[in-house]
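Notes follow the structure.
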Amino acid sequence: AGHEHQLRLMFPMIANLGELRRAKEVVEECKLALRKEKQPFAEDVEIGIMIEIPSVALMADILAPEVDFFSIGTNDLSQYTFAADRMNPSVAEIANPLDPALLRLLKHTIDGAHLYEKRVGMCGELAGEPLAIPILLGLGLDEFSMNPLQIPEAKALIRQLSAKDCQILAMESLQMESAEKVETLVKNFIKDRIG
């Protein structure tokens, strides 16, 4: 699929370094099989992983040298962090992605990747959430993936924010005691800067 194209390959639900290394071995085995069949393919495929499990978020600095990029899957990461099924209305509200516990995992992931100058993107609902965008910018997120309908509002918001202010906001958010406190903090931040 990657022949004469730029291809990126991303592994989902990686739980530890051993799984990642085994997945990369499978890629090399596939390349070897294609060479034997004399099939053309992309030699230099970027390899990335989804950060969806807390164990991998906590080991981001160990995994970063092994990949070209991370993509944080906030829906699953929230669910697994809080042990709350987001599809179960009885417990779904526990898995609030603005909770400081999850924000701390995001910071740890981004910082671990940036130690090795690796890109960190985000997919999932949080990337397009206006209350999260200033925090994510402040944490240093490199790429936002969102529903196309959310892009105009997200771009308009980002244009009105300063990186330094967002960094301060992000650090303050990490010190809050609940998602509700974070939401209030961000609402006041946006109101003070945008109106």
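Positions are given from 1, in the same order as the sequence printed here.
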Sub-3.5 Å donor-acceptor pair from the side chain of [X] to the main-chain atoms of [Y], do we have one?
X	Y	value
K181	M176	no
D142	G121	no
S55	A15	yes
K118	V67	yes

Between [X] and [Y], is there shared hydrophobic-cluster membership here, with clusters defined by ILVMFWY side-chain heavy atoms closer than 4.5 Å?
X	Y	answer
V120	L17	yes
L63	V45	yes
L126	M50	no
Y116	I51	no
V27	L32	no

>> Run K107 and M171 through side-chain contact (heavy atoms from CB on, under 4.5 Å) and show every step you take.
In response: CA-CA 9 Å; K107 178 177 177 16; M171 294 308 108; 3.9 Å; yes
Count the heavy atoms of every other residue, nucleotide or ligand shown that sit under 6.0 Å from [atom1] of [X], and state whether that count exceeds 12.
X	atom1	value
E25	CD	yes
E93	CD	no
N147	CG	yes
E172	CD	yes

Minimum heavy-atom distance [X]-[Y], with the two atoms named:
X	Y	value
L157	P134	CD2-CD, 4.2 Å
A95	A84	CB-O, 4.1 Å
C166	L161	SG-CB, 3.8 Å
V56	N16	CG2-N, 3.9 Å
P97	L103	O-CD2, 3.8 Å
F144	A127	CD2-O, 3.4 Å

>> side-chain contact (heavy atoms from CB on, under 4.5 Å) for M122 and L106? Distances and angles first, verdict last.
In response: CA-CA 10 Å; M122 179 176 288; L106 299 180; 4.0 Å; yes
Would you give the length of the straight line joining atom [atom1] of [X] to atom [atom2] of [Y], rounded to the nearest 0.5 angstrom?
X	Y	atom1	atom2	result
L7	D44	CG	CG	11.0 Å
L98	S173	CG	OG	8.0 Å
R104	D111	CZ	CG	13.0 Å
L102	T74	CG	OG1	7.5 Å
F69	I47	CZ	CD1	8.0 Å
T109	L139	OG1	CG	10.0 Å

Side-chain polar contacts of residues 36-43 - donor-acceptor pairs under 3.5 angstrom, sequence neighbours left out - could you list them?
residue, atom, partner, partner atom, Å
E43, OE1, R35, NH2, 2.9
E43, OE2, R35, NE, 3.4
E43, OE2, R35, NH2, 3.2

>> Checking T81 against D99 for the side-chain contact (heavy atoms from CB on, under 4.5 Å) test, could you report, in this order, the C-alpha distance in whole Å, the side-chain angles of both residues, the deciding distance, and whether it holds?
In response: CA-CA 10 Å; T81 297; D99 190 287; over 6 Å; no
> When clusters are formed from ILVMFWY side-chain contacts under 4.5 Å, directly or step by step, what else is grouped with I53?
Replying inline: M13, Y80
>> With salt bridge (charged side-chain N to carboxylate O under 4.0 Å, His left out) as the rule and sequence neighbours excluded, what pairs involving residues 156-168 come up?
In response: D165-R193
> Step by step, would you call F11 with V26 a side-chain contact (heavy atoms from CB on, under 4.5 Å)?
Replying inline: CA-CA 11 Å; F11 300 119; V26 170; over 6 Å; no
>> Walk me through whether E29 and R22 qualify under salt bridge (Lys or Arg N to Asp or Glu O under 4.0 Å).
In response: CA-CA 10 Å; E29 290 167 9; R22 179 62 192 125; 3.1 Å; yes
>> According to salt bridge (Lys or Arg N to Asp or Glu O under 4.0 Å), who are the partners of D68, at least two apart in sequence or on a separate chain?
In response: none
>> For E66, give me all partners under salt bridge (Lys or Arg N to Asp or Glu O under 4.0 Å), at least two apart in sequence or on another chain.
In response: R21, K24
> Got a sec, which residues hit side-chain hydrogen bond (donor to acceptor under 3.5 Å, both in side chains) with E143, two or more places apart in sequence or on another chain?
Replying inline: R119
